[in-house]
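Here's the structure we're looking at; comments come further down.
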Amino acid sequence: MDKIRVRGGTRLTGTVEISGSKNAALAIMAGALLVDGKVTLHNVPRIGDIHTMMELLNDLGVSAQFVDRTSVIIDASNVLYLEAPYEVVRRMRASFNVMGPLLARFGFARVPVPGGCDIGARPVNFHIDGLRRLGANLHTEHGVYTAEARKLTGTSIYMDFQSAGATQHLMTAACLANGVTVIENCAAEPEVVDLAEFLNSLGAHIEGAGTTTIKVTGVERLTGGEHTIIPDRQEAGTFAVAGAITRGDIVMRGAVVEHMRPVVNKLEEAGIEVSADSRSMKVRATDRPRAVDIKTNPHPAFPTDLQQPFAALLSVADGTSVITENVYESRFRYVNELNRMGANIRVSARNAVITGVDRLTGCPVAATDLRAGAALICAALAAEGETEMVGVEHIERGYEDLVRKLRGLGAAIERCE
Ligand code: EPU
């Protein structure tokens with residue numbers, strides 16, 4: 001079984017390169033299905049989820065491959081199949097977002113119903129309701145959604161919750177609809193803005209991305225083009241925690257501070273020095289962090305994807321912190337593992353009450369999902385002694401070269417079998 005082994009206690013210093021955003025790249029790669037032509041994407045991270053999305057595109061008969069270290073060419077001129085295999089959708093929920101573009105361009109798509117996962121039930125009702133409002137006829141049978149529409153038609157959509165995935169999915173589908181679509185109470189995440197910029201550069205007409213109302217004026221077709229994916233704010237936030245928890249001093253080259261305001265705010269509240277320029281962000285910590293309270297919510301509030309690494313940081317803070325998770329109903333499963341390392345965290349419904357302890361101690365732990373794995377690695381970097389983490393495949397879904405990058409900052413970390 002693959003493991004990551006960490007010997008804690010080294011102060012991290014130096015510079016780390018932030019990779020391209022996983023969640024922007026996944027949405028953009030699905031969006032490339034709208035295009036009758038070639039799309040070149042730069043700054044694509046080489047991580048498990050991106051390889052899974054490529055596999056899915058290949059399964060549809062679309063050519064998608066890395067042509068150098070971070071550039072991918074997708075050519076969806078010849079889509080051969082309009083059905084996503086269960087084997088892929090089961091592994092990665094973001095696969096569901098191929099339905100809208102296939103439907104918009106070819107009038108038909110079949111995609112399995114994605115199941116729940118380790119962080120919550122994660123239904124797709126906003127996606128389905130929105131596609132129906134755009135005129136699609138959708139039904140499920142034998143665990144597969146079949147969607148049909150002669151031509152999608154512009155409409156108004158109001159989402160009950162600012163879902164990132166549903167916003168990206170519906171905005172993409174609406175690009176080729178007849179007329180105007182307005183999506184209200186939509187997500188304002190930087191990854192939504194990146195997708196909109198990508199689609200607009202190919203001829204789409206999207207306004208308002210980055211706010212909670214998006215207007216899409218349908219166009220006949222999109223043409224090929226080129227786009228550079230934004231840096232991954234969750235990766236940058238994870239390194240910020242790794243730097244802070246080891247009382248280190250690190251520069252994250254590529255991190256975009258405008259995407260990370262709520263995170264910077266909490267780091268500063270915890271007593272960590274943060275500085276930034278247009279190309280990088282730096283964190284420096286000399287002392288134990290102070291306790292802070294965090295409430296997760298859609299952007300521009302504190303991102304749920306960083307509550308787990310922050311819980312590791314706050315587990316060694318001076319005082320008691322409360323994290324309230326408002327996005328997912330069960331994103332606290334990693335807490336038991338942190339407690340086994342000596343943390344004092346009590347979970348009640350959507351709240352985790354973290355009473356800071358002086359030190360954590362290393363032990364064997366298991367990651368249950370991507371960010372849980374990141375939290376355990378951060379904890380291990382500060383813990384006394386050795387930690388061995390299984391569940392490495394979760395980390396590798398979303399962090400490019402995490403072990404190598406941490407070693408570059410001085411961490412005693414290795415991947416072993
Ligand atoms: N939701 C519904 N119905 C829907 C869609 C969502 O009830 O139709 C609920 C979800 O169950 C969840 C909440 O709304 O409780 C928010 O879900 P959202 O749709 O915003 O999440 P997502 O699009 O499925 C993306 C990221 C997640 C990130 C969330 C929130 C990708 C591939 N995934 O998921 O990333 O946590 O947005 O920001 O973009 C991660 O990177 O670790 C990760 C899980």
Side-chain angles (χ1 to χ4, degrees), residues 19-31 45 47-50 52-53 56 89 91-100 111 113-133 138 145 157-172 183 185-195 212 229-230 232-238 259 262-263 296-310 325-334 350 367-375 394-400 402:
S19 300
S21 158
K22 163 176 85 75
N23 293 344
L26 289 172
I28 285 172
M29 289 169 78
I47 51 175
D49 277 6
I50 294 296
T52 304
M53 182 55 91
L56 172 56
V89 179
R91 276 189 278 143
M92 188 182 71
R93 299 174 46 84
S95 319
F96 195 69
N97 282 27
V98 302
M99 179 185 269
V111 182
V113 182
C117 69
D118 273 328
I119 57 177
R122 302 182 80 184
V124 286
N125 53 320
F126 304 148
H127 302 240
I128 299 302
D129 294 349
L131 290 173
R132 284 200 172 119
R133 287 192 69 89
L138 268 137
Y145 276 108
I157 298 169
Y158 180 90
M159 285 197 305
D160 276 349
F161 188 86
Q162 291 166 5
S163 154
T167 302
Q168 289 167 323
H169 196 178
L170 300 174
M171 181 174 92
T172 304
I183 313 173
N185 199 34
C186 65
E189 325 281 316
E191 295 76 20
V192 173
V193 177
D194 203 31
L195 173 64
T212 53
I229 309 284
I230 54 169
D232 196 306
R233 63 190 166 115
Q234 318 304 18
E235 187 196 19
T238 304
H259 295 167
V263 175
T296 70
N297 260 316
H299 191 77
F302 192 91
T304 169
D305 294 341
L306 288 177
Q307 66 92 343
Q308 292 150 298
F310 265 73
E325 171 56 59
N326 291 312
V327 179
Y328 293 108
E329 64 273 17
S330 59
R331 210 175 196 181
F332 282 129
R333 290 187 53 190
Y334 64 100
R350 284 181 177 266
T368 46
D369 71 86
L370 170 62
R371 309 297 171 189
H394 293 296
I395 286 273
E396 292 176 347
R397 282 186 64 167
Y399 288 92
E400 187 175 52
L402 184 65

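The figures that follow rest on heavy atoms only: side chains count, while hydrogens, waters and symmetry mates do not. For ligands, and for the atoms within them, numbers begin at 1 and follow the listed sequence.
With Glu191 as the fixed residue, the side chain to side chain donor-acceptor pair (under 3.5 Å) test singles out one of His259, Arg233, Gln168: Arg233.
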Go through it in stages, so that I can follow the logic: the residues are Arg371 and Tyr399, the test is side-chain hydrogen bond (donor to acceptor under 3.5 Å, both in side chains), and I'd like the CA-CA distance, side-chain angles, deciding distance and then a yes or no. CA-CA 10 Å; Arg371 309 297 171 189; Tyr399 288 92; 2.9 Å; yes
The test is salt bridge (Lys or Arg N to Asp or Glu O under 4.0 Å); show your working for Asp305 and Arg331 and say whether it passes. CA-CA 9 Å; Asp305 294 341; Arg331 210 175 196 181; 2.7 Å; yes
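Polar contact with ligand 1: absent for Gln168 (N/O pair, distance under 3.5 Å). Considering backbone and side-chain atoms together, Arg122 places an N or O closer than 3.5 Å to an N or O of ligand 1. Looking at Gly165 next to ligand 1, an N or O pair under 3.5 Å apart turns up. Considering backbone and side-chain N/O atoms, Thr304 never comes within less than 3.5 Å of an N/O atom of ligand 1. For a threshold of 3.5 Å applied to N or O pairs, the pair formed by Leu370 and ligand 1 contains no separation below that value. Annotation: Ala94 places no N or O atom under 3.5 Å from an N or O atom of ligand 1; distance criterion only. Geometrically, ligand 1 and Pro123 share a nitrogen or oxygen pair separated by less than 3.5 Å.
Proximity of a side-chain donor or acceptor of Arg132 to a complementary backbone N or O of Leu138 within less than 3.5 Å is detected. Without hydrogens or angle criteria, Arg93 side chain to Arg122 main chain gives a donor-acceptor distance under 3.5 Å. At least one donor-acceptor pair closer than 3.5 Å links the side chain of Thr167 to the backbone N or O of Ala187. For Thr296 (side chain) and Phe302 (main-chain N/O), no donor-acceptor pair under 3.5 Å exists by modelled atom type.
With atom 41 (O) of ligand 1 as the reference point, the heavy atom nearest to it among Glu329, His127, Arg371, Gln234 is part of Arg371.
For the pair Glu191 and ligand 1, no heavy-atom separation below 4.0 Å is found. The closest approach between any non-hydrogen atom of Glu325 and ligand 1 is not below 4.0 Å.
Counting heavy atoms closer than 4.0 Å to ligand 1, residue Arg331 contributes side-chain atoms (C-beta onward) but none from N, CA, C or O. Under 4.0 Å from ligand 1, the heavy atoms of Lys22 that appear belong solely to its side chain. Proximity of Phe126 to ligand 1, defined as any heavy-atom pair under 4.0 Å, is shared by backbone and side chain alike.
Using a 4.5 Å heavy-atom threshold, the side chains of Val327 and Gln307 count as separate. In this structure, the side chains of Val263 and Pro303 come closer than 4.5 Å at one or more pairs of heavy atoms.
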